[in-house]
There are 2 protein chains.
Amino acid sequence: MDLPAPEVAGPAALAALLADPTRAGILAMLRDGPHCVCEMAAALGERQNNVSMHLARLRDAGLVHRTRHDGDARWIFYARDDAACAAAAAALAALLR
Amino acid sequence: MDLPAPEVAGPAALAALLADPTRAGILAMLRDGPHCVCEMAAALGERQNNVSMHLARLRDAGLVHRTRHDGDARWIFYARDDAACAAAAAALAALLR
DNA sequence: CCGATGCATCAGCGCGGATTGACACAGTAC
DNA sequence: GTACTGTGTCAATCCGCGCTGATGCATCGG
């Protein structure tokens with residue numbers, strides 16, 4: 001007996017981020033480089049404000065960051081933070097290791 | 001443009017399993033070997049029937065399997081399916097790769 | 001200037017999942 | 001046999017999360 005309760009709050013929060021198909025699709029699409037919001041919204045069949053909200057959550061978690069387009073500053077490109085994504089992958093893998 | 005919609009249903013479903021702190025704690029505790037239900041319920045501070053229900057979901061996903069105790073068949077020990085867990089870890093890592 | 005476009009934020013609603021409480025079942029001890 | 005323990009299942013409830021619809025903000029083009 002006397003099992004210690006494992007600390008899983010961090011990995012569980014990361015898993016919750018990946019648990020939504022829209023957010024998972026965003027991260028999958030960003031594997032091949034940056035994309036703008038309307039582009040990903042169209043690919044996912046979701047509305048723009050929805051995708052924007054999900055991107056805000058990924059941003060708060062530090063998994064993605066945004067930059068403006070050089071020519072037209074209305075376009076906002078999102079890109080993955082490779083270091084944060086690698087750390088997240090390691091944290092999740094630690095649960096199943 | 002014309003981004004294809006990525007296929008993320010599988011990884012998202014796996015992430016949803018890990019997104020619950022109780023299920024994540026179960027998998028974390030099972031890393032060091034099999035445990036019975038009441039043991040894990042006590043360690044997590046959750047009720048036994050609750051843990052039993054979460055174990056049923058992990059069982060349906062194939063991540064764990066159960067065996068009876070040799071001495072007292074009332075006690076049911078759960079253990080991880082290492083192959084399924086490795087496959088799940090690979091599927092999740094593919095999202096963040 | 002004005003209208004259009006791309007993005008972000010907010011209150012409200014609905015739905016799915018987790019918890020609760022009660023019960024049923026198998027196995028053990030007596 | 002009865003009493004007790006460990007586990008599983010079920011209806012009912014609660015609650016958090018995502019979607020909707022509207023609105024605001026910044027930027028570009030005329």
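In the text below, chain A, chain B and the rest are named by the order of the sequence lines, each starting its count at 1.
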Can you find a pair of side-chain heavy atoms, one from [X] and one from [Y], that are under 4.5 Å apart?
{"X": "A/Pro6", "Y": "B/Met29", "result": "yes"}
{"X": "A/Val8", "Y": "B/Leu18", "result": "no"}
{"X": "B/Val51", "Y": "B/Leu55", "result": "yes"}
{"X": "B/His35", "Y": "B/Leu30", "result": "yes"}

Inset, instruction - Step by step, work out the side-chain contact (heavy atoms from CB on, under 4.5 Å) result for B/Arg66 and B/Val37. - result: CA-CA 10 Å; B/Arg66 57 178 165 182; B/Val37 180; over 6 Å; no
Legend entry - Residue met sooner reading DNA chain D from 5', once A/Arg68 and B/Arg59 are mapped to nucleotides: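 Looking at DNA chain D, the more 5' nearest nucleotide goes with B/Arg59.
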Legend entry - Cluster link A/Leu58 to A/Met53, ILVMFWY, side chain under 4.5 Å: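 No, separate clusters.
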Round to the nearest Å and state the distance from [X] atom [atom1] to [N] atom [atom2].
{"X": "A/Trp75", "N": "D/dA26", "atom1": "CH2", "atom2": "C1'", "answer": "14 Å"}
{"X": "B/Asp72", "N": "D/dC4", "atom1": "CG", "atom2": "C1'", "answer": "12 Å"}
{"X": "A/Phe77", "N": "C/dG6", "atom1": "CZ", "atom2": "P", "answer": "12 Å"}
{"X": "B/Leu17", "N": "C/dG16", "atom1": "CG", "atom2": "P", "answer": "17 Å"}
{"X": "B/Ile26", "N": "C/dA18", "atom1": "CD1", "atom2": "C1'", "answer": "13 Å"}
{"X": "A/His69", "N": "C/dT5", "atom1": "NE2", "atom2": "C1'", "answer": "14 Å"}
{"X": "B/Gln48", "N": "D/dC10", "atom1": "CD", "atom2": "P", "answer": "15 Å"}
{"X": "B/Asp60", "N": "D/dT9", "atom1": "CG", "atom2": "C1'", "answer": "13 Å"}

Legend entry - Summary of protein contacts for nucleotides 15-21 of chain D, nucleotide by nucleotide, where a base hit scores B, a sugar-phosphate-only hit scores S (4.0 Å, heavy atoms): ---SBBB
Inset, instruction - Write out all pairs satisfying ring pair (Phe, Tyr, Trp, His ring centres under 6.0 Å) with one or both partners inside residues 74-97 of chain B, taking only residues at least two apart or from two chains. - result: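 Of all non-adjacent pairs touching residues 74-97 of chain B, those that pass ring pair (Phe, Tyr, Trp, His ring centres under 6.0 Å) are B/His69-B/Phe77.
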Inset, instruction - Determine: side-chain N/O of A/Arg66 to OP1/OP2 of C/dA8, distance under 4.0 Å, yes or no. - result: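 Answer yes for this pair, as a side-chain N or O of A/Arg66 is under 4.0 Å from OP1 or OP2.
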Legend entry - Minimum-distance nucleotide (side-chain atoms of A/Arg74 versus C/dG6, C/dA8, C/dG27):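 Minimum distance to the A/Arg74 side chain belongs to C/dG6.
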Legend entry - Nucleotide of C/dG6, C/dA8, D/dT27 approaching A/Ala73 most closely (side-chain heavy atoms):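 When the side chain of A/Ala73 is considered, D/dT27 is the closest of C/dG6, C/dA8, D/dT27.
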Inset, instruction - Pick base, sugar-phosphate or nothing for B/Tyr78, based on heavy-atom distances below 4.0 Å to the nucleic acid. - result: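 Result for B/Tyr78 = sugar-phosphate.
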